[in-house]
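Data first, discussion second: the structure below is written as structure tokens.
Numbering of ligands and ligand atoms starts at 1, following listing order. For this chain, numbers begin at 1 and follow the sequence in order.
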Amino acid sequence: MPDRILLDYNNMVSPRLGGRGLDPARLAAAAARFRAIQAAVERQRAAGGIAFLQLPYETELVERIRAFADGLGQAFDTVVVLGIGGSALGTSALAQALLPPFWNERDAEARDYYPRLYVLDNIDPTTIGPFLDRLDLARTLFNVVSKSGATAETMAQFLIVRERLRRAFEEGDRGHLIFTTDPEKGVLRDLARAENIASLPIPPGVGGRFSVLSAVGLLPAALVGIPIERLLRGAREMDERCRSDVLEENPAGLFATLQYLAHLEAGASIHVLMPYSDRLYGIADWFRQLWAESLGKRLDRAGREVFRGPTPVKALGATDQHSQVQLYMEGPFDKTVTLLVPAEVPEDVAVPDLYPGTAAFGYLGGHTLAELLRTEAKATATALARHGRMNLTLELPALGPEAIGGLLMLFQIATVYAGEWYDVNAFDQPGVELGKELTGALLRRPGTEVPALDPPDRRWICE
Ligand code: PA5
């Protein structure tokens, strides 16, 4: 078993792909250019930029989180995170990867008396209403997570929850709230100060999708007993590995460079992340946001219109072998597939040898489900290569906090490198602003119904 994350990229280069895939000479040339990219990233780091790189080293924040999580935080049976996008996806990914399955369905003893954890990352009333109706508010803590304190979805959730808490507890409702928000600015920070509501900071330079290892992800994780210190240890180790300017030694550098070359030089604009593990599926969801929102940009860093960006897609092994994989094998040559495979899992299930010697069952008996899953991952990688399809495998040593911390860090640093390769600002998201502005403009208009901004032309409506 490997003791750290391995990146096997044999199936990205042409010798394995029958002439398709990346030319090793081009990769060597990219490795030379990568030295300059790494130097640029190091310069930004030294100047205090790329703030998320500091998160694994924030020991004081970890102490504050611990103090709350191990103290007041344990007075609750249920923790509900209100947030969206980067304020929710990291927490969901951590919980899915590191809590035993069916956590919220377990009784208190099976949860070791840690609370249940729910992440409300949408505003669908058919979910929110019934969910809140079922809660025992007296035993519930709401963690409102918003960097800006201005996100319509999270603020709407907060207003609904606050009103219910007030009705139930009047002044005492504050004890059921903790805000994770900007240390200085925004309405949540103002409220926390004015009403003495518990709060934790998100460092100013850390944007939502790079915030999983800040209080955004760490507080909920600590509340449910995930050892956040081990998570950060793994993140630190990966950060150290990724300071090398030798491309072959830098897993985040390799991941970003391979994906970039596959896109720009081999037409693979779709980047599939396919964990062979239910527990890692939340990370694929989190990665989709990270890759898409960071790299999908109209302008390059010089302000020229370029319309850049790969399209991240998530798939699940082995489930999607019976769905998406047909397309990946035989459809257009426009994808890379990254298989995410844990070398060891916390629990395994043996397949009984009930019908030895029969064609349908015989080869399965005596193996375990983890073996079957790993074998299927290997078989898929090989089959993709034989079809000339670029793919790489990220092998995790185990499904533990260190490996998960390392993996999250790898993808975040890779996103920084990819921003450099694509020459776009990986840290802004101007494309989502217009939608937010229009929502605000529509809702501020008088009238009971939300009016359309432009009158619809009925010729173009199918009624
Ligand atoms: O990555 C991002 O910046 C976004 O996805 C934000 O996390 C999301 O829009 C929520 O923003 P906020 O935390 O300000 O409520």
message: Please determine whether a side-chain nitrogen of the Lys or Arg among D133 and R164 lies less than 4.0 Å from a carboxylate oxygen of the Asp or Glu.
response: yes
| said: For the aromatic rings, using the six-membered ring if either is Trp, is the centroid distance between F158 and F142 under 6.0 Å? | reply: no
A student checking ligand 1 against Q429 at a 4.0 Å heavy-atom cut-off should list atoms 3 (O)
The protein heavy atom nearest to atom 14 (O) of ligand 1 is S148 OG, 2.6 Å
query: Salt-bridged, E229 to R233, with N to O below 4.0 Å?
result: no
Under 4.0 Å from one or more heavy atoms of S146, ligand 1 contributes atoms 12 (P), 13 (O), 14 (O), 15 (O)
Review point. Between D320 and K314, is there a side-chain N and carboxylate O pair less than 4.0 Å apart?
Key: no
In ligand 1, the atoms that come under 4.0 Å of a heavy atom of Q289 are 1 (O), 2 (C), 4 (C), 5 (O)
Does at least one non-hydrogen atom of E153 fall below 4.0 angstrom from an atom of ligand 1?
no
the protein heavy atom lying closest to atom 9 (O) of ligand 1 turns out to be K436 NZ, 3.9 Å
Ligand 1 to R209, heavy atom cutoff 4.0 Å, flagged ligand atoms 1 (O), 2 (C), 3 (O)
If you scan protein heavy atoms around atom 11 (O) of ligand 1, the nearest is T151 OG1, 3.4 Å
On a heavy-atom basis, the closest approach of N11 and A381 is ND2-O, 3.4 Å
For this session: Would you check whether G207 has a nitrogen or oxygen atom less than 3.5 angstrom from a nitrogen or oxygen atom of ligand 1?
Result: no
Hydrogens and angles aside, do E42 and Q38 bring a side-chain donor and acceptor to less than 3.5 Å of each other?
yes
In this structure, atom 2 (C) of ligand 1 is nearest to the protein heavy atom E293 OE1, 3.0 Å
shortest atom 10 (C) of ligand 1-to-protein heavy-atom contact is with I84 O, 3.4 Å
of all protein heavy atoms, closest to atom 6 (C) of ligand 1 is G86 N, 3.9 Å
* Asked: Would you call the rings of F52 and F427 parallel, tilted or perpendicular if under 30° counts as parallel and over 60° as perpendicular?
  -> tilted
Checklist entry - For residues Y9 and E248, is any side-chain donor paired with an opposing acceptor at under 3.5 Å? => result no
